[in-house]
Amino acid sequence: MKTVVIGGTGLVGSEVVKLLGQGHDVITVGRTSGDMQADIEDKASVEALFDKIGAVDAIISVAGDGVFGGFDEEGDHAYERALQSKVMGQVNLTRVGHKYLNKGGSITLTSGAVAQHPMPNTAAIAIATAGVDAFVRTVALELDDDKRINSVSLSLVKESAKKFGMDSTHCVPAAKVAEYYRDVLGSSESGQVVLVQN
Ligand SMILES: NC(=O)c1ccc[n+]([C@@H]2O[C@H](COP(=O)([O-])OP(=O)(O)OC[C@H]3O[C@@H](n4cnc5c(N)ncnc54)[C@H](OP(=O)(O)O)[C@@H]3O)[C@@H](O)[C@H]2O)c1
């Protein structure tokens with residue numbers, strides 16, 4: 001199975017890549033890291049990427065920036081970053097990537113639990129991740145050739161909580177989060193938002 005993992009060098013993405021292992025011919029992509037480089041915020045860059053890669057069986061996105069802060073504290077920057085990166089980056093990836101997806105192929109995007117479970121200081125991330133989930137549900141109705149699209153909705157990962165000096169007691173480690181991506185890929189579902197359970 002030829003599988004492209006955007007963000008495959010990141011905290012969560014590298015665990016996804018480790019888990020997929022055998023049975024997958026994995027290509028990792030980052031802006032500056034990975035087997036190949038592309039910036040999903042730039043549609044032309046995504047087009048150039050798939051032009052080189054060709055047809056694939058699965059696309060997994062574990063990429064996208066978010067800025068924490070009060071809804072009117074961080075200024076326009078927080079909103080622009082989240083919308084440009086999480087939403088438009090993954091929209092670009094899907095709009096280009098689906099054309100290269102083999103029959104029965106799968107796209108898995110990343111969203112965030114704050115879309116469902118409000119948390120202070122995450123307004124920009126919340127609207128962006130809710131947008132990703134709405135996009136996934138809608139696109140699933142339009143894809144043909146048995147192609148599928150889903151999102152994995154993450155809350156704070158244990159390693160990140162520790163890094164930021166936050167309480168990590170109920171957080172899920174990246175290796176466990178990765179299992180959700182593997183399971184979504186292996187399922188026959190489409191249009192689903194799969195919440196990582198704490
Ligand atoms: N960690 C958490 O606690 C947590 C919680 C909720 C949601 N999330 C979301 O889950 C995703 C992964 O998180 P993470 O902690 O694993 O992130 P991470 O360690 O910072 O890794 C991000 C990965 O994505 C790549 N990337 C970032 N922007 C890109 C772009 N525009 N085009 C192509 N590749 C890009 C990076 O590659 P380069 O460095 O080469 O650019 C890197 O491989 C992010 O969207 C994050 O917001 C994370």
Side-chain angles (χ1 to χ4, degrees), residues 3-21 24 26-35 39-41 58-70 74 77-79 81-90 93-94 106-136 149-187 189 192-198:
T3 302
V4 182
V5 183
I6 313 287
T9 58
L11 171 64
V12 177
S14 58
E15 293 294 341
V16 172
V17 170
K18 241 188 258 173
L19 203 58
L20 292 180
H24 288 266
V26 177
I27 301 163
T28 57
V29 178
R31 278 168 300 198
T32 55
S33 59
D35 301 322
D39 181 354
I40 57 171
E41 293 182 40
I59 299 167
I60 299 176
S61 164
V62 203
D65 293 339
V67 178
F68 288 90
E74 298 295 324
H77 169 70
Y79 292 95
R81 240 353 9 254
L83 293 171
Q84 199 52 40
S85 176
K86 287 181 186 295
V87 181
M88 285 318 297
Q90 297 193 100
L93 180 64
T94 303
S106 158
I107 299 174
T108 309
L109 304 184
T110 292
S111 67
V114 291
Q116 283 86 18
H117 303 294
M119 215 176 105
N121 300 318
T122 65
I125 295 172
I127 59 171
T129 51
V132 172
D133 291 341
F135 178 71
V136 158
I149 183 166
N150 297 286
S151 60
V152 176
S153 182
L154 273 64
S155 41
L156 191 62
V157 175
K158 197 177 256 309
E159 290 87 339
S160 298
K162 284 184 179 161
K163 185 174 155 191
F164 298 130
M166 297 165 79
D167 179 10
S168 67
T169 317
H170 300 293
C171 296
V172 180
K176 189 83 189 153
V177 173
E179 294 177 8
Y180 286 81
Y181 289 86
R182 178 202 58 195
D183 294 350
V184 165
L185 182 52
S187 79
E189 291 190 313
Q192 299 302 306
V193 174
V194 179
L195 236 73
V196 172
Q197 302 293 337
N198 286 5

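Every value quoted in this text rests on a predicted model; they were computed, and no experiment measured them. Computation of the quantities below employed the complete heavy-atom set of this structure, encompassing side-chain atoms and omitting hydrogens, waters and symmetry-equivalent molecules. Index from 1, following the sequence.
- Note that CD1 of Ile59 and CG of Leu93 are 5.5 Å apart. Values are rounded to the nearest 0.5 Å.
- Using modelled atom types, one side-chain atom of Thr122 and one backbone atom of Met119 make a donor-acceptor pair closer than 3.5 Å.
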Between Lys86 and Ile125, does a side-chain contact (heavy atoms from CB on, under 4.5 Å) hold up when you go through it step by step? CA-CA 8 Å; Lys86 287 181 186 295; Ile125 295 172; 4.1 Å; yes
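- Remark: Ser111 OG to Asn150 CG distance equals 10.5 Å, nearest 0.5 Å.
- Around CZ of Phe68, the count of heavy atoms belonging to other residues, nucleotides or ligands within 6.0 Å does not exceed 12.
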Please report the C-alpha distance between Ser153 and Asp133 in whole Å, then the side-chain angles of each, then the deciding distance to 0.1 Å, and finally whether the side-chain hydrogen bond (donor to acceptor under 3.5 Å, both in side chains) criterion is met. CA-CA 8 Å; Ser153 182; Asp133 291 341; 4.7 Å; no
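- To the nearest 0.5 Å, atoms OG1 (Thr9) and CG (Asp35) are separated by 9.5 Å.
- Taking both residues in full, the closest heavy atoms of Ser61 and Tyr181 are given as O-CE2, 4.2 Å, listed atom of the first, atom of the second, then distance.
- Of all non-hydrogen atoms in Tyr180 and Val194, the two that sit nearest each other are CD2-CG1, 3.8 Å.
- Among residues at least two apart or in separate chains, there is no side chain to side chain donor-acceptor pair (under 3.5 Å) pair with a member in residues 123-132.
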Applying side-chain contact (heavy atoms from CB on, under 4.5 Å), run through Tyr79 and Glu74 and close with a yes or a no. CA-CA 8 Å; Tyr79 292 95; Glu74 298 295 324; over 6 Å; no
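- Judged as a side chain to side chain contact (heavy atoms under 4.5 Å, CB included), and not counting sequence neighbours, the contacts of Val17 are Val5, Val26, Thr28.
- Take Asn121 and apply the side chain to side chain contact (heavy atoms under 4.5 Å, CB included) test, not counting sequence neighbours, and it matches no residue.
- At least one side-chain heavy atom of Ile149 sits under 4.5 Å from a side-chain heavy atom of Leu109.
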Output, in order, the C-alpha distance, side-chain angles, deciding distance and verdict of side-chain contact (heavy atoms from CB on, under 4.5 Å) for Leu19 and Glu179. CA-CA 7 Å; Leu19 203 58; Glu179 294 177 8; 3.7 Å; yes
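- In this structure, CG in Asn198 is found 9.0 Å from CG in Leu156, a value given to the nearest 0.5 Å.
- Counting only residues at least two apart or in different chains, salt bridge (Lys or Arg N to Asp or Glu O under 4.0 Å) contacts with residues 108-120 are absent.
- The line from CG of Leu185 to CD1 of Ile107 is 11.5 Å long, rounded to the nearest 0.5 Å.
- For Arg81, the salt bridge (charged side-chain N to carboxylate O under 4.0 Å, His left out) criterion is met by Glu41, Asp65, not counting sequence neighbours.
- In this structure, the side chains of Thr110 and Gln90 come closer than 4.5 Å at one or more pairs of heavy atoms.
- To the nearest 0.5 angstrom, Ile40 atom CD1 is 10.0 Å from Gln84 atom CD.
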Pairs of donor and acceptor atoms involving the side chains of residues 160-175, under 3.5 Å and at least two apart or interchain, shall be tabulated with distances.
from: Asp167; atom 1: OD1; to: Thr169; atom 2: N; distance (Å): 3.0
from: Asp167; atom 1: OD1; to: Thr169; atom 2: OG1; distance (Å): 2.3

Please test Gln192 against Val184 for side-chain contact (heavy atoms from CB on, under 4.5 Å), starting from the C-alpha separation and ending with a verdict. CA-CA 9 Å; Gln192 299 302 306; Val184 165; over 6 Å; no
